[in-house]
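Data block below; observations after.
Note that the structure is predicted; figures quoted are calculated from it, not measured. Both ligands and their constituent atoms are indexed starting at 1 by order of listing.
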Amino acid sequence: MIYNIYSKRKGFEILCPLGSYPLFLRKNKDDKEELIKFLSEEGTRHKTSSLYVHIPFCDSLCNFCCFYRGLLKETQAIRYLDALKKEIVRYSDTNYVKSSSFASIYIGGGTPTSLRTEQLTDLLALLKERFNIRSDAEITVETTTHNAERDKLEALYENGVNRLSFGVQTFKDSIRNILTLTDTRSEAISVIRAAREIGFENIDIDLMYNLPGQSMDDWKMDLRQAAELELESISPNPLFVARGTAFAKQIAAGEIPPISGNRVEIDMYLLAISELENAGYRQQNLVHFVLPEKEHLYARMRFGSQDCLALGTSGGGFLGAYLYGNVRGINRYIEKIESTNAEFPVNICAKLTAEELMHKYVIWGLHSTEVGKNAFRELFGVELVDAFPEQIKSLERRGLIESDKSMIVLTTAGKVWCTNVAEEFCPERYVTIFEKMFGD
Ligand code: SF4
């Protein structure tokens with residue numbers, strides 16, 4: 001039954017547009033101007049926020065990756081960082097930032113550690129100088145195991161970074177080769193152990209399943225190897241093969257082993273849940289499994305629809321009722337920042353209506369596997385079950401969610417089909433457009 005609740009298990013291809021609902025349908029200049037007014041409003045004590053900083057460079061490009069990133073070029077990186085610093089300063093002069101405190105910072109990419117150590121420490125120093133970062137803030141840097149040299153990790157640690165997220169993907173060397181990862185399993189493990197020796201007490205690794213040629217046993221070995229490392233967080237994600245990419249063409253041509261279908265992918269996800277729970281982890285959200293006393297604060301804040309100021313090219317943020325996306329393209333971003341003295345690099349912005357905010361709250365919240373009824377009532381002045389009566393009844397009937405007095409919670413089947421479930425809280429008119437743009 002669990003395998004065929006919907007015709008297709010929706011994932012990354014729908015999760016991204018769904019997560020930015022209803023942003024990508026808007027091209028409303030007025031909303032952007034209103035956002036700028038909102039940022040300059042005086043006398044408002046804003047809520048605790050998170051901060052996302054995008055570093056769009058990698059020092060080698062993995063064949064399977066469809067994130068927004070480019071191969072590191074030193075001159076371009078210098079120009080990009082100059083522009084990013086200007087963006088930081090511009091935001092830090094707004095009343096919004098002056099009246100906010102930041103509880104979590106996520107420096108993602110790309111691979112931030114493809115930058116030189118002093119470039120990273122300069123960036124961290126400027127963030128600390130210009131933003132009110134809480135003393136207990138979670139500060140994460142994404143990295144890979146092939147360019148996290150010990151002295152670079154030490155410098156990050158000394159400069160306040162307290163969480164690392166390593167893109168490991170798999171420990172099996174033959175599959176690492178297929179994925180064009182440039183280091184070996186044992187080298188990857190050594191780097192993770194070195195991070196622990198340096199003092200990092202919150203280390204996450206990304207693993208991927210349903211990889212080309214990966215068997216269920218391979219996947220089990222990856223999960224067990226990860227658990228043996230006694231990391232605070234393990235994040236299993238299914239491989240997403242983007243249509244029309246060189247990687248997809250190589251699979252189609254038989255140059256790379258095929259990936260499996262829905263059923264195996266679901267079995268691999270279920271195996272991850274059982275293996276990681278048996279190893280003592282709790283599932284914080286769809287993709288993060290954490291040790292009981294740990295959590296990934298940035299993910300909790302984002303999935304909880306708390307404010308997030310996003311900086312850098314292609315960053316997506318949410319401030320007050322404003323959802324926005326920055327200019328996509330490294331050179332376009334630099335040009336936008338350099339073109340005027342005060343411009344923010346926002347490309348698209350939507351001020352969400354009360355109804356859209358409710359939809360967004362549930363769509364994002366479900367990715368934490370539960371949505372609190374009290375919090376919903378406090379935020380929107382209406383009961384969750386009254387706002388979405390049909391969806392909740394239908395999902396309960398199909399065994400995808402359960403609810404009690406205080407929350408609705410995804411069942412195991414609901415976790416498997418979460419993106420499909422979340423999509424049911426998205427208005428039909430948007431789903432139709434998503435499907436046309438991003439579906440099969
Ligand atoms: S290092 Fe990470 S962001 Fe860069 S290409 Fe590989 S998977 Fe993508």
Side-chain angles (χ1 to χ4, degrees), residues 11-13 15-16 52-74 76-77 80-81 84 106-116 119-120 123 140-149 152-153 156 161 163-173 175-185 187-189 191-192 195 203-212 214 222 226 233-251 256 259 287-288 296 298-299 310-316 326 328-330 333:
F12 190 78
E13 79 284 9
L15 180 59
C16 288
Y52 176 80
V53 183
H54 192 71
I55 304 295
F57 302 109
C58 295
D59 55 10
S60 62
L61 298 184
C62 310
N63 57 359
F64 61 89
C65 175
C66 53
F67 286 120
Y68 182 67
R69 82 287 187 255
L71 201 56
L72 180 78
K73 293 178 202 128
E74 178 66 13
Q76 191 184 41
Y80 180 78
L81 288 171
L84 186 60
Y106 196 95
I107 303 180
T111 312
T113 51
S114 62
L115 297 176
R116 285 183 281 107
Q119 289 173 322
L120 287 165
L123 180 62
T140 301
V141 170
E142 275 184 354
T143 181
T144 65
T145 46
H146 76 263
N147 64 13
E149 299 90 3
K152 196 176 280 183
L153 294 186
L156 291 178
V161 174
R163 185 174 180 277
L164 291 175
S165 178
F166 286 102
V168 171
Q169 324 311 358
T170 174
F171 289 104
K172 185 163 179 173
D173 280 333
I175 303 181
R176 292 181 70 80
N177 277 335
I178 292 172
L179 299 180
T180 61
L181 298 169
T182 57
D183 57 349
T184 63
R185 165 187 182 276
E187 286 164 342
I189 290 172
V191 170
I192 294 165
I203 299 176
D204 166 73
I205 62 168
D206 281 353
L207 290 178
M208 287 167 66
Y209 57 93
N210 203 7
L211 293 170
Q214 186 183 41
D222 274 349
S233 167
I234 299 171
S235 308
N237 287 279
L239 173 68
F240 169 64
V241 181
R243 278 182 293 172
T245 57
F247 190 64
K249 286 176 192 157
Q250 279 180 289
I251 291 177
I256 286 180
I259 63 166
V287 293
H288 290 105
H296 181 16
Y298 176 80
L311 306 170
T313 179
S314 80
N326 282 344
R328 200 173 155 90
I330 298 168
Y333 168 82

Problem - Distance-only donor-acceptor check, side chains D173 and T184, under 3.5 Å - result: no
Handout entry: 4.5 Å side-chain heavy-atom contact, F64 and I256
Key = no
Exercise for the section: Take T170 and D222, measure what side-chain hydrogen bond (donor to acceptor under 3.5 Å, both in side chains) needs, and give me the verdict at the end. Expected result: CA-CA 6 Å; T170 174; D222 274 349; 2.7 Å; yes
Handout entry: Which of the ligand 1 atoms, numbered from 1, are nearer than 4.0 Å to a heavy atom of G110
Key = 3 (S)
Fill in the blank from the handout: Those residues at least two apart in sequence (or on a different chain) that pass side-chain hydrogen bond (donor to acceptor under 3.5 Å, both in side chains) with S114 are none
Practice task
Ignoring hydrogens and angles, state whether a donor on the side chain of H54 or Y52 is under 3.5 Å from an acceptor on the partner side chain.
Solution key: yes
Exercise for the section: Can you label the angle between the Y80 ring and the F57 ring as parallel, tilted or perpendicular, going by 30° and 60°? Expected result: perpendicular
Handout entry: Residue and atom names of protein N/O/S atoms that fall under 2.8 Å from atom 6 (Fe) of ligand 1
Key = C62 SG
